[in-house]
2 protein chains.
Amino acid sequence: MAGNSDSPVRPKRVTAQMVADLAGVSRSAVSRALNGGGYVDAQKREQIVKAAAELGYQPNALAATLQGGASRLVAVVAGDIRNLHDSNFVFRLCEGLNRQGFWPLVITGTQTASGITVEDALRFPLDAIVVRGGSMTEALVDRCGKLNIPMICYGRSIENAKADAVCCENAAGTRKATELLLAKGRKKFGFISGPQGFFSSDQRRRGLIETLDQAGLSLSFEHPGDFTVDGGFAAAQAMIASGETIDALICANDASAIGALGALRSCNIDVPSQMSVIGFDDAEMARWPMFALTTVQNPIDLMVETILDLIQRRITAPERPAKTVTVMPEILLRETH
Amino acid sequence: MAGNSDSPVRPKRVTAQMVADLAGVSRSAVSRALNGGGYVDAQKREQIVKAAAELGYQPNALAATLQGGASRLVAVVAGDIRNLHDSNFVFRLCEGLNRQGFWPLVITGTQTASGITVEDALRFPLDAIVVRGGSMTEALVDRCGKLNIPMICYGRSIENAKADAVCCENAAGTRKATELLLAKGRKKFGFISGPQGFFSSDQRRRGLIETLDQAGLSLSFEHPGDFTVDGGFAAAQAMIASGETIDALICANDASAIGALGALRSCNIDVPSQMSVIGFDDAEMARWPMFALTTVQNPIDLMVETILDLIQRRITAPERPAKTVTVMPEILLRETH
DNA sequence: CACGAATGTGCACACGTGTTCACATAGACT
DNA sequence: AGTCTATGTGAACACGTGTGCACATTCGTG
């Protein structure tokens with residue numbers, strides 16, 4: 001664990017013993033007065049409550065957790081996130097966890113850039129850990145299994161008896177998008193992918209390639225887009241500069257599609273009459289009026305609620321078999337197809 | 001604290017004593033072998049390391065913290081967030097905290113909607129708490145003072161000896177934007193505000209109103225925009241429908257400005273020749289090529305680094321006087337003014 | 001041989017909390 | 001008077017960890 005420094009001693013936090021001393025009772029009385037249970041004389045209870053307020057006493061959650069109480073801590077392993085939709089997802093997941101009375105411990109970045117590691121997070125007695133597909137490893141599943149920490153993976157399905165998962169069928173999503181454009185008579189397909197090696201991007205590409213194969217077609221243009229608007233803009237510019245006459249552009253995510261729309265409009269290529277554009281995720285930006293992007297749905301709310309449900313189920317029945325929830329994506333028809 | 005349910009007993013987490021039993025040594029030896037310090041026979045050290053790996057042992061951070069070690073937990077109180085820029089800010093703040101070896105505990109939502117409260121978070125022995133201006137209360141500052149938890153407020157300055165703050169001069173930002181447009185000869189000003197009662201929106205409005213006053217002008221149109229793209233779009237539509245001939249539109253944030261741009265373009269109002277539009281925050285969307293929004297800078301990176309700096313300083317010197325860092329916003333000239 | 005330093009070990013303590021339970025007192029009932 | 005129940009209290013325990021320190025052994029030096 002990085003970040004350990006020689007800090008000066010910080011004034012001591014108020015303890016139950018201090019309250020007991022001020023109120024002239026035992027620490028046991030303080031606990032009974034503030035939490036209920038057992039009996040406490042009414043007058044003494046008042047004194048205790050007053051002393052606690054005066055000192056600003058707040059029970060130490062860590063000490064209480066040692067007693068076997070649930071910590072309500074849930075690690076959210078977000079990994080390397082590069083666009084607004086994905087960072088918004090993490091935020092909404094935190095919101096959902098808060099609603100359920102959990103405390104999300106957010107872990108970002110890649111191993112090399114971070115001052116902390118996922119493994120370090122396992123030092124906390126987590127009630128659960130939610131890991132984004134791209135940050136999931138078999139070693140991590142193994143460790144959580146040994147520590148009896150319920151694990152939920154999102155954005156990827158995994159074959160492991162120790163972890164639940166929720167993901168959308170990425171390949172099925174791009175299959176539907178491709179089929180829609182084939183049905184419109186489109187013939188020259190382009191694809192803007194995400195960053196190299198990103199799982200979801202690879203799967204979305206696979207769905208496109210396989211569907212084109214089955215139609216006896218092949219991809220006419222391909223360029224990585226970094227999952228960002230800028231990346232999508234640049235990739236679309238490269239596509240335009242390549243001279244290929246693309247009539248159907250499928251993007252690995254909405255940010256890329258939005259960037260591509262920007263580039264196409266600045267070159268006076270009319271969407272959708274000259275070129276269809278479809279994104280993926282139904283990010284918030286996709287529905288902004290100036291984009292009205294046709295996209296493959298992968299709705300944040302549904303994913304979050306499913307994750308919360310899986311956590312609750314796992315806590316309720318720890319030995320329950322692992323479950324993978326697959327969300328079959330639907331195309332949301334707007335104006336760019 | 002909501003969320004307590006009668007959960008079945010979860011299998012016990014691996015403890016140092018279990019490792020000691022398996023390796024045939026004392027618990028003290030386990031601690032020395034895994035952490036360094038003291039002395040351990042080399043052969044026994046190997047046995048201990050092996051036993052720990054076999055059992056999947058991970059020290060319990062909470063128990064260790066009770067020893068007086070720093071928890072490295074930092075509460076991030078985000079409150080009610082409605083747009084991508086603000087949720088992205090929270091995410092980037094978490095990234096920054098992770099880089100410094102901290103664990104961000106994210107607290108979202110309003111009191112009524114949430115299963116947890118900020119006060120509940122104070123049960124954790126936090127190393128610091130970072131609170132968004134809109135969620136800041138004097139009572140909270142008081143509580144943290146009593147618990148000796150360093151507090152940093154962002155997005156608002158506060159006059160309290162117990163908390164540090166970082167904020168940009170909202171009013172100065174809209175002052176500069178207004179002056180810029182006055183200097184271009186604009187006369188008919190409109191304003192799209194944020195949600196009712198939001199601090200930053202009120203201050204940004206104030207800067208605009210005061211500057212117009214000093215120029216002997218007044219606001220010609222005003223509409224709340226909810227801090228979202230949709231809200232900005234609707235407000236701009238209302239402005240167009242009002243029949244007022246606005247030539248200068250200032251928006252309380254970039255999302256509102258982007259929504260307004262969309263509405264103006266769909267009515268063939270050319271920006272900036274017919275109407276200047278200026279946003280606030282320099283959100284990521286502002287620099288997307290299809291917007292190229294002129295905006296008042298309030299950069300995420302600088303705010304995050306300043307917050308991290310304030311935390312570090314407070315930890316290094318707990319008795320240091322409270323400090324407020326004010327970021328004087330500059331206008332970032334792009335294409336909409 | 002005596003002394004000091006280095007290596008090694010495990011017991012016991014502290015951290016802050018919730019809870020059990022032995023003990024004390026008072027009141028009600030037979 | 002004896003028994004049972006309700007109210008009330010604080011000592012002691014456990015939770016899991018890091019660490020101080022008493023004790024033991026070995027090695028090196030004068």
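In what follows, chains are A, B, ... by sequence order, proteins preceding strands, each numbered from 1.
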From CD of A/Gln67 across to P of D/dA14 the rounded distance in Å is 11 Å
Can you tell me if B/Ser28 and B/Arg32 form a side-chain donor-acceptor pair at under 3.5 Å? yes
Can you find a side-chain donor-acceptor pair between B/Asp309 and B/Thr306 that sits under 3.5 Å? no
Set of residues satisfying salt bridge (Lys or Arg N to Asp or Glu O under 4.0 Å) with respect to A/Asp164, sequence neighbours excluded: A/Arg314, A/Arg320
Outer limits of DNA chain C sitting under 4.0 Å from a non-hydrogen atom of chain A, read 5' to 3', are C/dG16 to C/dT20
I want to check something: taking the side chain as every heavy atom from C-beta on, are A/Leu93 and A/Val90 in contact at a cut-off of under 4.5 Å? no
A/Ile129 versus A/Val118: any side-chain heavy-atom pair under 4.5 Å? yes
5'-most contact on DNA chain D: B/Gly36 or B/Leu66, nearest heavy atom basis? B/Leu66
With the criterion being N/O to N/O and under 3.5 Å, what pairs connect the protein with nucleotides 7-12 of chain D, and how long is each?
unit_1 : atom_1 : unit_2  : atom_2 : d
D/dT9  : OP1    : A/Lys44 : NZ     : 2.5
D/dT9  : OP2    : A/Asp41 : N      : 3.0
D/dG10 : OP2    : A/Ser26 : N      : 3.4
D/dG10 : OP2    : A/Ser26 : OG     : 3.2
D/dG10 : N7     : A/Ser28 : OG     : 3.3
D/dG10 : N7     : A/Arg32 : NH1    : 3.1
D/dG10 : O6     : A/Arg32 : NH1    : 3.3
D/dA11 : N6     : A/Ser28 : OG     : 3.2

Name all residues meeting the side chain to side chain donor-acceptor pair (under 3.5 Å) criterion together with B/Asp41; count only those two or more places apart in sequence or in a different chain, and write none if there are none. none
Counting only side-chain N and O atoms of B/Asn60, is one of them less than 4.0 Å from OP1 or OP2 of D/dT17? no
How is A/Ser31 classified with respect to the nucleic acid when contacts are heavy atoms under 4.0 Å: base, sugar-phosphate, or nothing? base
Does B/Phe89 have any ring-ring contact (aromatic ring centres under 6.0 Å, His included) partners at least two apart in sequence or in another chain, and if so, which? B/Tyr154
Test of understanding: with ring-ring contact (aromatic ring centres under 6.0 Å, His included), list the residues that count as partners of A/Tyr57, not counting sequence neighbours. none
